[in-house]
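Take a look at the structure set out below.
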Amino acid sequence: MDSKHLMSTYARKPVAFERGDGVWLYTGDGEDERYLDALSGLAVCGLGHAHPAVTAAIAEQSAKLMHTSNIYAIPLQEMLAARLCQVSGLDAAFFCNSGAEAIEAAIKLARLHAHADNPADARIIVTENSFHGRTLAALTATANPAFQSGFEPLVPGFVRVPFDDLDAVQAALEEYPVGSAVLVEPIQCEGGINIPAPGYLSGLRSLCDRHGALLILDEVQTGSARTGKWFCYQHEAVLPDIAVTAKGLANGVPIGVCLARRHVAELFSPGAHGSTFGGNPLACRASLATLDTIEDQDLCARAGELGNYLLGALRTRLSGCGLVREIRGKGLILGIELTQPCRELVDLCLEHKLLINVTVEHTIRLLPPLIMEQDQADQMVETLGGCIERFAESKTPGNGEPS
Ligand SMILES: Cc1ncc(COP(=O)(O)O)c(C=O)c1O
């Protein structure tokens with residue numbers, strides 16, 4: 001492996017996969033070169049790797065037409081927009097290629113909305129521990145100073161409040177009574193799998209209605225059925241003004257979307273925003289195949305059921321482990337918070353052929369594919385349980401660090 005010609009924006013693990021099949025990734029042909037993927041490429045491959053329906057759609061579409069341009073009509077884009085509006089309850093879509101780009105579109109819509117009332121006072125209220133992406137405005141909305149450091153000056157017009165704190169949002173909306181928007185993740189994933197109390201999203205909706213503010217929900221990670229509904233806000237029967245999603249939308253083909261209510265969507269006019277690749281025929285066809293499969297296989301329900309099963313199984317398996325502070329999750333977004341930093345666990349699990357991730361230093365993050373079978377879920381729990389026990393033993397005074 002030789003990465004000297006890559007910019008070092010990632011601390012990569014020294015492992016490269018050459019093929020995938022469902023929940024498995026392979027570094028070679030042997031069964032001992034098989035890894036159980038409990039991350040789905042960070043919530044992207046919800047249907048697992050090399051899903052036949054998506055593969056067939058991409059193969060057929062790429063042989064026919066991959067790209068024209070948004071200066072022409074794109075029927076597959078119109079079909080996908082209609083489909084996403086139907087499942088989201090929103091009215092119109094702007095397509096791009098990533099989560100951060102979808103957030104940028106939402107921020108631009110919020111600015112246009114604010115300028116209609118008060119050009120000087122456009123404020124977007126964001127939360128502590130948030131993550132919204134790496135482009136400059138998305139990075140400004142992101143809470144982590146480590147990600148922002150060195151990239152100043154950041155974008156003006158953002159106000160930060162604690163997450164899951166309706167009083168703080170109300171105070172901010174009272175301080176900035178015109179031209180405001182509220183941007184939150186329904187569950188903070190990068191920020192540590194923080195699940196707000198029931199009523200948070202509906203409380204935000206009421207506050208935004210009362211103050212004429214836009215409610216923008218970042219469903220980049222929580223969308224595409226991952227929490228047991230198409231969009232996480234549907235657990236509270238709330239409708240935002242804008243919802244953005246990306247990751248799981250086309251099972252690995254890059255795509256992002258900013259969805260909005262009609263009166264907000266209409267703030268964009270030709271030339272106001274754009275993206276060369278956004279919503280091209282290939283990406284839209286892959287996304288339609290992904291959405292069809294989620295619907296045909298009832299994977300929203302599956303994510304909810306398997307998520308509940310996994311929560312129970314993890315709690316049972318780890319019940320005696322003093323290092324575990326809390327196990328929480330919704331659908332197939334699961335977090336195991338430990339009492340101490342645990343990044344070494346990623347390597348320990350890798351040695352045991354299990355792919356996991358650790359976020360905010362002490363929380364194990366699991367994002368298994370929606371198609372995971374119960375015996376595979378059991379294997380994941382068993383391998384992870386064993387690794388956490390070994391890690392805990394190594395932290396017991398007198399024992400060495402894990403290998
Ligand atoms: C909630 C959320 N918003 C935005 C992003 C940025 O998405 P992307 O990496 O596709 O730009 C992410 C990525 O992890 C995310 O989790």
Side-chain angles (χ1 to χ4, degrees), residues 7 9-12 39-46 88 94-110 124 126-144 146-148 151 155 158 160 163-164 181-196 200-201 204 215-227 230-233 240 242-259 275 277-279 283 286-287 290 329-335 355-360 363 365-367:
M7 295 197 194
T9 51
Y10 289 93
R12 296 174 203 267
L39 273 187
S40 310
L42 288 175
V44 169
C45 302
S88 68
F94 170 81
F95 288 103
C96 49
N97 312 286
S98 67
E101 259 188 277
I103 287 286
E104 295 287 331
I107 290 171
K108 285 179 77 172
L109 277 173
I124 299 182
V126 292
T127 63
E128 288 167 8
N129 296 314
S130 61
F131 185 85
H132 298 289
R134 306 289 194 146
T135 53
L136 262 183
L139 182 66
T140 309
T142 293
N144 193 333
F147 295 161
Q148 296 173 337
F151 300 109
V155 176
F158 288 84
R160 199 167 301 284
F163 184 63
D164 197 12
V182 177
L183 166 61
V184 300
E185 298 149 90
I187 295 173
Q188 291 184 326
C189 298
E190 304 292 319
I193 318 294
N194 304 321
I195 304 173
Y200 181 56
L201 296 184
L204 288 178
L215 177 59
I216 308 172
L217 295 181
D218 179 345
E219 295 251 9
V220 168
Q221 197 152 159
T222 49
S224 306
R226 182 148 288 280
T227 69
W230 283 108
F231 290 88
C232 191
Y233 60 77
I242 301 176
V244 302
T245 192
K247 288 178 179 281
L249 200 49
N251 215 49
V253 175
I255 188 168
V257 67
C258 172
L259 295 154
S275 167
F277 294 115
S287 183
T290 303
K330 196 169 189 77
L332 291 174
I333 294 181
L334 298 146
L355 306 180
I356 62 149
N357 176 246
V358 166
T359 185
V360 293
T363 301
R365 177 167 56 159
L366 302 172
L367 301 160

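Keep in mind that this is a model prediction, so the values were computed, not measured. Just so it is clear, the values below take in all heavy atoms, side chains as well, and ignore hydrogens, waters and symmetry mates. In each ligand, atom 1 is the first atom listed, and ligand 1 is the first ligand listed.
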What protein heavy atom lies closest to [atom]? Include the residue and the distance to one decimal.
atom	answer
atom 16 (O) of ligand 1	Q221 NE2, 2.7 Å
atom 5 (C) of ligand 1	V220 CG1, 3.7 Å
atom 11 (O) of ligand 1	A100 N, 2.8 Å
atom 10 (O) of ligand 1	G99 N, 2.8 Å

Do [X] and [Y] make a side-chain contact, defined as non-hydrogen atoms from C-beta onward lying under 4.5 Å apart?
X	Y	result
V184	L217	yes
Q221	L367	yes
T245	W230	no

Answer side chain, backbone, both or neither: which part of E185 comes under 4.0 Å from ligand 1, heavy atoms only. side chain
Answer side chain, backbone, both or neither: which part of E101 comes under 4.0 Å from ligand 1, heavy atoms only. neither
Answer yes if the side chains of T127 and Q188 hold a donor-acceptor pair under 3.5 Å, and no otherwise. yes
Just which atoms of ligand 1 are under 4.0 Å from any heavy atom in S98? 10 (O), 11 (O)
In ligand 1, the atoms that come under 4.0 Å of a heavy atom of F131 are 1 (C), 2 (C), 3 (N), 5 (C), 12 (C), 13 (C), 14 (O), 15 (C)
Measuring from atom CZ of R160 to atom CG of N129, what distance do you get when rounded to the nearest 0.5 angstrom? 9.0 Å
Quick test of your reading of the structure: of T245, D218, I255, N97, whose heavy atom lies closest to atom 1 (C) of ligand 1? D218
At the 4.0 Å heavy-atom cut-off, does K247 count as touching ligand 1? yes
